[in-house]
Amino acid sequence: MFLSIGGALLLLIIIGSLFIERFFCKYLCPLGALFTLASRFRVFRLKRDSSQCSGRCRVCTRKCSMSIPLYKYDSVNSGECINCMKCSSACAFGNIKAETIPAVTGTVAAVALTGVAFAGTLQPAKTTSVSVQAPTSVSFSATNGRFRDGSYTGSAAGYRGTTSVTVKVENGSISEITVDSTGDDREFFSKAQSGVIPAIISAQSTNVDTVSGATYSSQGIINAVESALGDQLLQNSAETENKETTQAEQKHGKSEGQPSTQAEFGDEQGTQAQENPDNNTVEEETESQQSKSSNGSFADGTYTGSGSGFRGTTSVSVNVQNGSITDITVTSYQDDYPFFSRAESGVISEILASQSINVSTVSGATFSSNSIIEAVANALGQEFSNPNSSMGGGHGRH
């Protein structure tokens, strides 16, 4: 390291310090140069009584840490003086003295300024705590919905911890969502909060987009609201999906009396199907369409396939061992989680139990059920006519 410029300067300082006291302070220190200018206006000065000094001993000059020629001055006004007081101690006659009043005054002033500066950094004895984990709630007016009035709490995992919310329902609608606590960073969470909460209240649903740049925090809020509302949200979303599907059927020119798998989405349509025995239910229609599929042994291996759901494509991986389907794994899906999770747990278990795609769809999750069945059929190379295409499914997320 001594081959560098810094090493050479260090060697110079070490060697110079062997011969000259405070070598660095006197000749190299840039801060010392600034202090020298400020020290010319000092109030604390050393006085030398020249009438009592012979002028030839020069002990004071030899003892000075800064090598100031003190024998030349009656009052030390040099900016290099550091008030080490070695000159006063070395003088046998006591000819160099310091004035007491300026010294005391300067010391008191310095202590007072230091005390004021330090006191300004202290907090008051009694402070009001402010929680950064509970940002203010956001409220919006909402139209009447189908939730039960009351106050509900829920929590879900965010990016750095758990996000807890309180959901207030008035007149059947979500009227207020308050964030009780969160472990996420305030900068990102505030963006998610200001975007997601108004969207949920406005849509009266958790089927909303996340905020770009705060996806984890957004999803934490959405999942926490879903946790708070539970089955109420699932029922309300099913009714919303029911309306969307009905509108899609009308758009495609389907008549009211024509059989439709939409009958499984609402009690009203389910009742109509029971009252009209000529109309087939979704399960019966699906079973008739799946009659072309065959039971029996399958070739061992792992196969992948895809099918169309309500909001997009569902992809699965099917594992076959010893001629039997041993495992079905959903690798990706685009449908809403509350509906797809019900379809996944019901349909897959039935396919594994029957070793066939000739299974019933899950009531209230018909689109997602059909997407899983089609994906498995596609993976195994079997024919399956997915009725979702005739029911207006597969449109984008809104």
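As the structure is a computational prediction, the values presented were derived from the model and not from experiment.
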Discussion item. Go through it in stages, so that I can follow the logic: the residues are L28 and I13, the test is side-chain contact (heavy atoms from CB on, under 4.5 Å), and I'd like the CA-CA distance, side-chain angles, deciding distance and then a yes or no.
Written reply: CA-CA 9 Å; L28 299 177; I13 293 172; 3.7 Å; yes
- Is there a side-chain contact (heavy atoms from CB on, under 4.5 Å) between T166 and Y152 once you walk through the steps? CA-CA 6 Å; T166 298; Y152 308 91; over 6 Å; no
Output, in order, the C-alpha distance, side-chain angles, deciding distance and verdict of side-chain contact (heavy atoms from CB on, under 4.5 Å) for S349 and I351. CA-CA 6 Å; S349 60; I351 293 177; over 6 Å; no
Exercise for review: List the steps and the verdict of side-chain contact (heavy atoms from CB on, under 4.5 Å) for V179 and I197.
Suggested key: CA-CA 9 Å; V179 178; I197 291 181; 3.8 Å; yes
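Between E21 and K86 there is a salt bridge, since at least one side-chain N of the basic residue sits less than 4.0 Å from a carboxylate O of the acidic one. Looking at E170 and K168, a side-chain N of the basic residue comes within less than 4.0 Å of a carboxylate O on the acidic one, giving a salt bridge.
Nearest heavy-atom pair across Q204 and I201 is NE2-O, 2.7 Å. Nearest heavy atoms, S308 versus E374: N-OE1, 2.8 Å. Scanning all heavy atoms of the two residues, the minimum distance from V208 to A203 falls at CG1-CB, 4.3 Å. N388 and G309 get closest at one heavy-atom pair: ND2-CA, 3.9 Å. Between N207 and R311, the shortest heavy-atom distance links the atoms ND2-NH2, 3.0 Å. Taking both residues in full, the closest heavy atoms of N370 and P387 are given as ND2-CG, 3.3 Å, listed atom of the first, atom of the second, then distance.
Expressed to the nearest 0.5 Å, how far CD1 of I200 lies from CG of L229 amounts to 9.0 Å. Atom CD1 of I357 sits about 13.0 Å away from atom CD1 of I372, to the nearest 0.5 Å. In this structure, K63 NZ and M85 CE are separated by 15.5 Å, a value rounded to the nearest 0.5 Å. The distance from the CZ atom of F23 to the CG atom of L12 is 4.5 Å, given to the nearest 0.5 Å. We find the CG-CG distance between N378 and N386 to be 11.0 Å, quoted to the nearest 0.5 Å. E344 CD to I328 CD1: the interatomic distance, rounded to the nearest 0.5 Å, is 10.0 Å.
A heavy-atom distance below 4.5 Å is not found between the side chains of S151 and V167. A heavy-atom distance below 4.5 Å is found between the side chains of F189 and T163. Side chains of V318 and I325 form a contact here, defined as non-hydrogen atoms less than 4.5 Å apart. Side-chain contact check for V316 versus Y303: every heavy-atom pair is 4.5 Å or farther apart. The shortest side-chain heavy-atom distance between S332 and S315 falls under the 4.5 Å cut-off. The shortest side-chain heavy-atom distance between I68 and T61 does not fall under the 4.5 Å cut-off. Counting heavy atoms from C-beta on, the side chains of S164 and S181 come closer than 4.5 Å. V347 has its side chain out of reach of T361: every pair of non-hydrogen atoms, C-beta onward, lies at least 4.5 Å apart.
For the 3.5 Å distance criterion, the side chains of T206 and E226 qualify, holding a donor opposite an acceptor. Residues T178 and D180 have side chains that never bring a donor and an acceptor to within less than 3.5 angstrom of each other.
Judged purely by atom type and a 3.5 angstrom limit, S194 uses its side chain to pair as donor or acceptor with the backbone of S190. The backbone N or O of T313 sits less than 3.5 Å from a side-chain atom of Q334, completing a donor-acceptor pair. Judged by distance alone, the side chain of S324 and the main-chain N or O of T326 form no donor-acceptor pair under 3.5 Å. Listed for the D300 side chain is a donor-acceptor partner under 3.5 Å among the backbone atoms of G323. Between the side chain of S369 and the backbone N or O of A343 there is no donor-acceptor pair closer than 3.5 Å. Counting only distance, with no hydrogens or angles, the side chain of T329 and the backbone of T331 share no donor-acceptor pair below 3.5 Å.
S368 pairs in a side chain to side chain contact (heavy atoms under 4.5 Å, CB included) with only one of the listed residues (T314, D335, D336), which is D335. The side chain to side chain donor-acceptor pair (under 3.5 Å) with S217 is formed by just one residue from the set T182, D184, T210; it is D184.
For Y337, the side chain to side chain contact (heavy atoms under 4.5 Å, CB included) criterion is met by Y333, S341, not counting sequence neighbours. Qualifying ring-ring contact (aromatic ring centres under 6.0 Å, His included) partners for Y216, counting only residues two or more places apart in sequence or in other chains: Y159.
Criterion: ILVMFWY side-chain heavy atoms under 4.5 Å apart, direct or through other members. Under it, F24 and L18 are part of a common hydrophobic cluster. When hydrophobic clusters are built by joining Ile, Leu, Val, Met, Phe, Trp and Tyr residues whose side-chain heavy atoms come closer than 4.5 Å, directly or via intermediates, I348 is grouped together with F340. I177 is connected to F147 through a chain of hydrophobic side-chain contacts under 4.5 Å among Ile, Leu, Val, Met, Phe, Trp and Tyr, so both are in one cluster. Residue F384 is grouped with residue V376 when hydrophobic side chains (ILVMFWY) are merged at heavy-atom distances under 4.5 angstrom, including chains of intermediate members.
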